[in-house]
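The next block holds one structure in the form of structure tokens; read it before the comments.
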Amino acid sequence: MKREIYDEDHEAFRASVKQFLDREVAPHLESYADGHGLDRDFWLAAGKQGFLALEIPDAFGGSEAGDYRFNAVLTEELAKVNMTLPSCVGIHADITVPYLVHLTNDEQKARWLPGCATGEIVTAIGMTEPGGGSDLANLRTTAVRDGDDWILNGSKTFITNGGSADLVLVAARTSPEKKAKGISLFAVDTTLDGFSVGRVLDKVGQDESDTAELAFDNVRVSNDDLVGPLDTGFISMMQFLPQERLGSAITNLAHAKQILEETVQYAKDRQAFGQPIGSFQNTQFLLADLVTRVDVTQAFVDQCVVAHTKQDLTPVDAAKAKWWTSQVQNDVLDHCVQVHGGYGYMNEYRVARAWRDARVTKIWAGSNEIMKMLIGRDLGL
Ligand SMILES: Cc1cc2nc3c(=O)[nH]c(=O)nc-3n(C[C@H](O)[C@H](O)[C@H](O)COP(=O)(O)OP(=O)(O)OC[C@H]3O[C@@H](n4cnc5c(N)ncnc54)[C@H](O)[C@@H]3O)c2cc1C
């Protein structure tokens, strides 16, 4: 089905992203996987192209596109390569940077945003803790006032870009008695004394990212590093999570769609019993089913992108897009593995890696159960 949401400016931007990925990223994909992380050259090259600065105002080194559809195009093209690129770039440019753009004063913007735009400052966001991620209001990392500073103690886990980030936006408890209304956000420079990266975690998939544990042992953070008003961190997270969930939905679908296209080609090329496996009615019906699921889902996600571009996306629609696309993605990829037969289980095949990479999408950015809880609440249940 022809998509109507993009115009020629978006498509020109898409072409520039594709060219960048072919030229500067494709040759290094295996080394990112071997090294368990994107290297700094990747970030600097992406920064040079302006891909990290779509949300950043002109005055602070960005392009301030002011049109979320450019973010969506970038996300789609990254997801066609693999799941890791949109996750790592998304956490930085689409998730953490917006907090720094919208919740900071000019001094903070000048300190952080130009580096975020060029890739000299890579960011991460630390919400999840070893004790729990779904129940954010109960987080245990503390920030205690000490003169003009705050002293941070606690730990975070599963943090994307955690092994290499220069700046981590950390959610910490500033008012113990106030539960959700006692959480604040701090931009923590990772060179500060007392900050340390624990293990870079051994994941089922997404080998190219350095998802890590972080520890804060009496880290002294200036009050100038408080992001947004004191004790409003939880509200801010709730405000910014719909964009994270929409980015996740765009990624999930673009990733599944790409692998499905490659699987259709495989079904045309692979022979069994003297004929292409795609000529068996079972394969035809299966692929027809999957293509339909992807196209119908695309219509909903596109509507969400249009709504978000007009700043109209509701948290409930973002939750629907997130859980549904991750389910579709995982179902589609599981079937794609099956169509590839034994090759589908070999890591040297893209489909196998895609299947491993995708499993997490039902868990992160708010698990699918939490998404359904939000939708259920909206039904008045
Ligand atoms: C690869 C990876 C990257 C990540 N990147 C980041 C990151 O950059 N920053 C960050 O802060 N976090 C990150 N996360 C964490 C992620 O957001 C959490 O894993 C997720 O929110 C779930 O939290 P949890 O793992 O503590 O599971 P739990 O909260 O312990 O949940 C366990 C299970 O219980 C279910 N459950 C919990 N509460 C309810 C309920 N009320 N009703 C029904 N079911 C419920 C959940 O759905 C889940 O199935 C990442 C995770 C992974 C795996």
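Residue numbers start at 1 and run along the sequence shown. As the structure lists them, so they are numbered: ligands from 1, and atoms in each ligand from 1.
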> When clusters are formed from ILVMFWY side-chain contacts under 4.5 Å, directly or step by step, what else is grouped with M1?
Replying inline: none
> With sequence neighbours left out, what residues match A124 under side chain to side chain contact (heavy atoms under 4.5 Å, CB included)?
Replying inline: I159, N161, A165, V168
>> Would R69 pass as a cation-pi partner of Y6, given that its NZ or CZ must be under 6.0 Å from the six-membered ring centre and within 45 degrees of the axis?
In response: no
>> List the residues meeting ring-ring contact (aromatic ring centres under 6.0 Å, His included) with H255, not counting sequence neighbours, and say none if there are none.
In response: none
> In terms of the angle between their ring planes, are F280 and F273 parallel, tilted or perpendicular, with boundaries placed at 30° and 60°?
Replying inline: perpendicular
>> I'd like to know if the side chain of R220 reaches the main chain of L152, judged simply by a donor and an acceptor atom lying under 3.5 Å from each other, with no hydrogens or angles considered.
In response: no
Please tabulate, one line per pair, the protein N or O atoms found under 3.5 Å from any N or O atom of ligand 1, giving the distance to one decimal.
residue: ligand 1; atom: 5 (N); partner: F158; partner atom: O; Å: 2.7
residue: ligand 1; atom: 5 (N); partner: T160; partner atom: OG1; Å: 2.8
residue: ligand 1; atom: 8 (O); partner: T160; partner atom: N; Å: 3.0
residue: ligand 1; atom: 8 (O); partner: T160; partner atom: OG1; Å: 3.3
residue: ligand 1; atom: 9 (N); partner: I125; partner atom: O; Å: 2.9
residue: ligand 1; atom: 11 (O); partner: M127; partner atom: N; Å: 2.8
residue: ligand 1; atom: 11 (O); partner: T128; partner atom: N; Å: 2.9
residue: ligand 1; atom: 11 (O); partner: T128; partner atom: OG1; Å: 3.2
residue: ligand 1; atom: 12 (N); partner: T128; partner atom: OG1; Å: 2.7
residue: ligand 1; atom: 14 (N); partner: F158; partner atom: O; Å: 3.4
residue: ligand 1; atom: 26 (O); partner: G133; partner atom: N; Å: 2.7
residue: ligand 1; atom: 29 (O); partner: S134; partner atom: N; Å: 3.0
residue: ligand 1; atom: 29 (O); partner: S134; partner atom: OG; Å: 2.6
residue: ligand 1; atom: 47 (O); partner: S367; partner atom: OG; Å: 2.5
residue: ligand 1; atom: 47 (O); partner: E369; partner atom: OE1; Å: 2.7
residue: ligand 1; atom: 49 (O); partner: E369; partner atom: OE1; Å: 3.4

